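Have a look at the structure below, then the notes.
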Amino acid sequence: MAEEKTIFARIIDGEIPADIVHSDDHCIAFRDINPQAPVHILVIPRKPIASLFDATPEDRELLGHLMLVVRDLALKEGLDDGFRTVLNTGAGGGQEVFHLHFHLLGKRKLTWPPG
Ligand code: DGP
């Protein structure tokens, strides 16, 4: 039986609308539907990697690309003062959508440790 498509795969395929702020051959980025900060963007690979557990050495370049897109978007959003990047992995790590994604959060004071 075919695996059910995640909500993020459906956004990539244009089946569900999203506020897309970046798109290239390897990834897209869009604003989180439930923002936890004034800037809250998700950067996701087009390749359906379920979580960081599922990444392989083959994904090395792709993961690096995602990080640089996070950086570029942070600067574009004016987060010169700093920002937070979160990668929730697995249910125990707070992951809800099983399509790997980086959260980019900024424009509010971010405390540590996180909740
Ligand atoms: P995580 O818990 O790390 O798996 O984060 C999933 C995030 O995805 C969560 O912050 C809410 C966001 N999200 C879930 N469904 C949608 C959607 O349909 N559209 C958008 N833009 N964001 C979504």
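Model, not experiment: these values are computed from the prediction.
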* Taking atom CE of Met67 and atom CG of Leu104, what is their separation to the nearest 0.5 Å? -> 9.5 Å
* To do: Under the side-chain hydrogen bond (donor to acceptor under 3.5 Å, both in side chains) rule, collect the residues that match up with Gln36, sequence neighbours excluded.
  => none
* **Over all atoms of both residues, closest heavy-atom pair of Ala29 and Ile41** => CB-CG2, 3.9 Å
Pair up each side-chain donor or acceptor in residues 93-103 with any protein partner under 3.5 Å, not counting sequence neighbours, and list the distances.
| residue | atom | partner | partner atom | Å |
| --- | --- | --- | --- | --- |
| Gln95 | OE1 | Gly90 | N | 2.8 |
| Gln95 | NE2 | Ala50 | O | 3.0 |
| Gln95 | NE2 | Val97 | O | 2.9 |
| His99 | NE2 | Pro45 | O | 2.7 |
| His101 | ND1 | His99 | O | 2.7 |
| His103 | ND1 | His40 | NE2 | 2.8 |

* **Cluster link Leu105 to Leu87, ILVMFWY, side chain under 4.5 Å** => no
* Look up atom CZ in Phe30 and atom CG in Leu42, then write down how far apart they are to the nearest 0.5 Å. => 5.0 Å
* Structure fact -> Scanning both residues in full, the closest heavy-atom pair of Val70 with Thr85 reads CG1-OG1, 3.7 Å
* For the residue pair Pro35 and Asp32, what are the closest heavy atoms and their distance? -> CD-O, 3.5 Å
* **Any residue meeting side-chain hydrogen bond (donor to acceptor under 3.5 Å, both in side chains) with Asn88, in chain and number order, not counting sequence neighbours** => none
* Under the side-chain hydrogen bond (donor to acceptor under 3.5 Å, both in side chains) rule, collect the residues that match up with Asp72, sequence neighbours excluded. => none
* If Ile, Leu, Val, Met, Phe, Trp and Tyr residues are connected whenever their side-chain heavy atoms lie under 4.5 Å apart, and connections chain through other members, are Val69 and Ile49 in the same group? -> yes
* Structure fact -> salt bridge (Lys or Arg N to Asp or Glu O under 4.0 Å) filter on Asp59, not counting sequence neighbours, yields Lys47
* Asked: What salt bridge (charged side-chain N to carboxylate O under 4.0 Å, His left out) pairs are there with at least one residue in residues 100-113, not counting sequence neighbours?
  -> none
* Pro114: side chain to side chain contact (heavy atoms under 4.5 Å, CB included) partners, not counting sequence neighbours -> Arg84, Trp112
Please set out all donor-acceptor pairs under 3.5 angstrom arising from side-chain atoms of residues 10-21, sequence neighbours excluded.
| residue | atom | partner | partner atom | Å |
| --- | --- | --- | --- | --- |
| Arg10 | NE | Glu15 | OE1 | 3.2 |
| Asp13 | OD2 | Lys5 | NZ | 2.5 |
| Glu15 | OE2 | Lys5 | NZ | 2.6 |

* Asked: Distance-only, no hydrogens or angles: does the Arg46 side chain make a donor-acceptor pair with backbone N or O of Asp24 under 3.5 Å?
  -> yes
* Other than Leu68, which residues form its hydrophobic cluster under the rule that side-chain heavy atoms must be closer than 4.5 Å? -> none
* Side chains of Leu73 and Leu79: closer than 4.5 Å at any heavy-atom pair? -> no
* For Thr6, which residues count as a side-chain hydrogen bond (donor to acceptor under 3.5 Å, both in side chains) partner, sequence neighbours excluded? -> none
* Asked: With sequence neighbours left out, what residues match His26 under ring-ring contact (aromatic ring centres under 6.0 Å, His included)?
  -> His65
